[in-house]
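Below is one structure, written out as structure tokens, with a few remarks after it.
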Amino acid sequence: MTKKENNLVVLSSDEEYCGGRSSSSKRRYRKTKSQSPLPRKSTRQAKKARLLGSRSCLHKDSRNVDEFNLFCEDFDQVFSTFKVSAGSGGMCRNELWIDKYKPHSLEELAVHKKKVDEVKVWFEDRLRTPKDANGNNVLVITGPSGVGKSATVHVIASHLGAKLCEWDTPTPVIWQEHLHNLSLGIQYTSKLDEFENFIGRMRKYGVIPSCFPNDSKQPIILLIDELPLTNGKAALKRLQNCLHLYVQSTQVPTAIVITDCGKVERTDLTVQYLEEIQLCLENAGACKVAFNPITNNSIKKIISRICCQEQYSLAVEQIDAIAKSSGGDVRHAIMSLQLFCLKPSQICSSSSSALESSKENEEVPPTVVDDRFSFQFGRDESLSLFHALGKFLHNKRHTSNELVLDGEFSVKENLSRRPLNMDPPEKVLSQAHGQARPIADFLHENVIDFMNEEAVDDAWVVASYLGDADTLLSSYERMLARHNDAENILHLAAASVAVRGVLFGNSHPLSSRWHAIRRPKLWQIEGSSLLNKREMVKQRFIAYGGISLADFSVVATEYIPALKWLGSSASGDRENLPVLSDENTDFDLVNSGNGESHTSDEEIEDW
Amino acid sequence: MLWVDKYRPKTLDQITVHEDVAQNLKKLVTEQDCPHLLFFGPSGSGKKTLVMALIRQMFGASAEKVKVENKTWKVDAGTRNVEIELTTISSTNHVELTPSDAGFQDRYIVQEIIKDMAKNRPIDSKGKRGHKVLVLNDVDKLSREAQHSLRRTMEKYSSYCRLILCCNSSSRVTEAIRSRCLNVRINGPTDDEIVKVLEFIGKKEGLQLPSGFASRIAEKSNRSLRRAILSFETCRVQQYPFVSNQAIPPMDWEEYISEIASDIMKEQSPKRLYQVRGKLYELLVNCIPPEIILKRLLYELLKKLDAELKHEVCHWAAYYEHRMRLGQKSIFHIEAFVAKFMSIYKSFLISTFG
């Protein structure tokens, strides 16, 4: 057990150091390997001793001895690992638990039973009547990463006794490699080309039996794991065409696995492309099965099973925490489990060593999982922008004033607010990947809806803070060319000011109810205003008989209105005066092409 | 052609409103080399008219043969190359441009264009190298950096070219630039002067002007000659023959702002603020500069306001006008002003009427 774990450790500098040091000390120390999951207490103390010791090395002899012992313990573990891994390199010790505990039977799959059945039945149907006339031989499996999409296909294939033939995304060619290839005369082919070729072959000839000479009667399943990335509309079109053709004509039962990236990064183009491809596949007649994130309970089951097999006993809380932080991603859960099982003592202590070094002799009971645990292992939670905005706008606060302030620092009645019933705004912002500018715009557009009818003062405070944020952001733009770091800080500061301003200012929020969040109208306004401005720049030459530039604002405020009054008689004089679009400019004209327009109607419920 | 342009004086001799200034300039140009000039004064007072007449005085009729160019300047700004597009009007002897159009990249424009001009100086008939004249509009809207670089270029290239700067307010032009120029203040024309001009135009167009009509237009024009002539012409289109109490059509955006102002006075609530925002958007779409919106809005609000609030409201207007210049999205700041006004006014109403 312990041999294995050490192989995977991202060696902490600590350990490396010890290893290096003690290797020079003649390898005298011989502790049995079996002892290495050390009694927690001793490591703990030893560790502390070392911390102290390193500060005051010459100070006590006994300490030094202690320290040395500790070095050697550490070393021993490391050393044993080295020896083992060197001695029996090819053995299964290098195995990751994800590989080791890959599901081999349908029962072991963590995926919901219904989903598995769905997929299984589908494949069974295809394999029973292989030359099905309906041509519907493609199954699209979607779902977030690490929920066992590919694993399901693998397991089912082996369950049905079918040969699984896989398309794996080829590794990208890096530039140096490309140069090297060029000198050898090997042409570069784009990954998309390769994929197209492959698909073309599969479509025309099916899987060539000669690939599997031993058993040609075995049914074949094709698994396409991840489609190639497309860049740009043209490539997307090609991929769509080729997939479309494939879906309609293939004879081989095929599973296409597509990973959802979640709704958060919807603005990302590649995500949009993926969605389009999915749609295209479905239109072509492919079946679709969507996998959901795996439930906490199934993950917990798997974790305890692995623990059982690895003979580790983890506390229920620890299992809980791992399951929770994985966010429905089994792969991730197992990996964090493996990391956690390496040396629970070390991980915990490293996270709290700073604390401990100050607090003498105070032991943290090993079963208690501190909060930071989830931080270390968890996938970062992400929020959608709308979710975050909803939090800010609804402005939920605790009902009782829990925040007890020290006597010396008291806030005036009208300035104090009850504590927020949410994570710190900055954290929420970072989870939502909020950019300062759009956040400010969205808040500006929507915050008024969330204000009390009477609260004009609040409106002023909020508007003023948003103005502050705007000021910060504009200085950001001026510095753009110069300082990269300053820019980031300013950006963060501006977002924080905007959000906290809204939270603070809206001191009488409406009781929560259902609201729609609008897309900032400001964006449309800016667009059409720019358009009008361009029109107007052309009209500049109406003034001064064309021999001088008129001031822009003069044109806008005086000439244009006058020309409107004068109407046809004036424009008859100079035919080339296009009359500026009226006040009721059709905003939609300007921004209809904007990619984000579909988010405008997104509605949020209150949280 | 609009009357404003049709009856614009072409030469210094024709100028009637600022006759003394015009004569002085004429003397200056004919007798000796002309220094850099800085014209400042309110809009519609005749700065540009003077400048154009002056250029004509310097170079003769050739100054009117201009071409409009949309030039792209490639500027090497140290770490990267900047491309700036700008419209210029130029004749053989002068170039006119509005550097503030380039936004925050304005500082490159000034340097680059002057360098460019210095390279190809015109040679006059006697084989002597002449001066080129560079007319810069809206100097007060230039950023600090641009003004600074302008100062440097003025010194460096003063033997090649003469600058004529135009702006509304000299207070936003740095001291350094002001001291390097001959400052010419152009006052807004008085009502009497405006009336004289309007009567002159009326005579030329063969119109009957009822007594008092011209002076009413002049009064409404806020001492802007351009404004007066434009509204004179609109009146002519609306109703002729003139009646002495004929309504003078206001600018549509001004009317709109006064509507906003009465909205604000009627109700003070976040909901109303939202409606006001919608109306402000419409003004912005039509490219009314936000500073002018804010100023006009303040003017309209002050008209209806109790005297004791005026000071505070003005203070906040000035405050948010400043913020607006620092910031980018003017609507945020205008709205903040409106909200502040609502808040002040509401508490005033509550305290007076309970």
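Convention: sequence-line order gives letters A, B, ...; per-chain numbering from 1.
Classification of Lys295(B) and Glu321(B) as a salt-bridged pair fails, no side-chain N sitting under 4.0 Å from a carboxylate O. Checked for salt-bridge contact, Lys521(A) and Glu445(A) miss the test: no charged N lies under 4.0 Å from a carboxylate O. Comment: Lys340(B) does not engage Glu335(B) in a salt bridge, judged by the lack of any side-chain N to carboxylate O separation of less than 4.0 angstrom. Remark: Glu233(B) does not engage Arg226(B) in a salt bridge, criterion side-chain N to carboxylate O under 4.0 Å. Ion pair Lys6(B)/Glu205(B) flagged as a salt bridge, since at least one NZ, NE, NH1 or NH2 atom sits closer than 4.0 Å to an Asp/Glu carboxylate oxygen.
Among the candidates Lys329(B), Met251(B), Arg272(B), the residue making the largest number of heavy-atom pairs closer than 4.5 Å to chain A is Lys329(B). The most heavy-atom pairs under 4.5 Å with chain A, out of Met342(B), Arg323(B), Arg236(B), come from Arg323(B). When the candidates Thr557(A), Leu466(A), Val461(A), Asp457(A) are compared by the number of heavy-atom contacts under 4.5 Å with chain B, Thr557(A) comes out ahead. Contact tally against chain B (heavy-atom pairs below 4.5 Å) for Asp468(A), Asp458(A), Val447(A): the top residue is Asp468(A).
Side-chain contact between Phe232(B) and Trp3(B) is present, with at least one heavy-atom pair separated by less than 4.5 Å.
Contact of Tyr320(B) with chain A is made through the side chain alone, with heavy-atom distances under 4.5 Å. Of the atoms belonging to Ala440(A), heavy atoms from both backbone and side chain fall under 4.5 Å from chain B. Both the backbone and the side chain of Thr234(B) come within contact range of chain A, judged by heavy atoms closer than 4.5 Å. For a residue to count as touching a neighbouring chain, one of its non-hydrogen atoms must lie under 4.5 Å from one of that chain's; by this rule Lys346(B) touches chain A with the side chain only. For Gln238(B), the part sitting under 4.5 Å from any heavy atom of chain A is the side chain, from C-beta outward, and nothing else. When heavy atoms are compared at a cutoff of 4.5 Å, Lys141(B) approaches chain A solely by way of its side chain, counted from C-beta outward. When heavy atoms are compared at a cutoff of 4.5 Å, Ser224(B) approaches chain A solely by way of its side chain, counted from C-beta outward. Heavy atoms of Leu530(A) lying under 4.5 Å from chain B are absent altogether. Within the 4.5 angstrom heavy-atom criterion, only backbone atoms of Asn452(A) (N, CA, C, O) approach chain B.
Trp523(A) and Asp441(A) share a donor-acceptor pair across their side chains, judged by distance under 3.5 Å alone. Neither side chain, Ser330(B) nor His333(B), offers a donor N or O lying under 3.5 Å from an acceptor on the other.
Between the CZ atom in Arg518(A) and the CG atom in Leu389(A) there is a gap of 12.5 Å [rounded to 0.5 Å].
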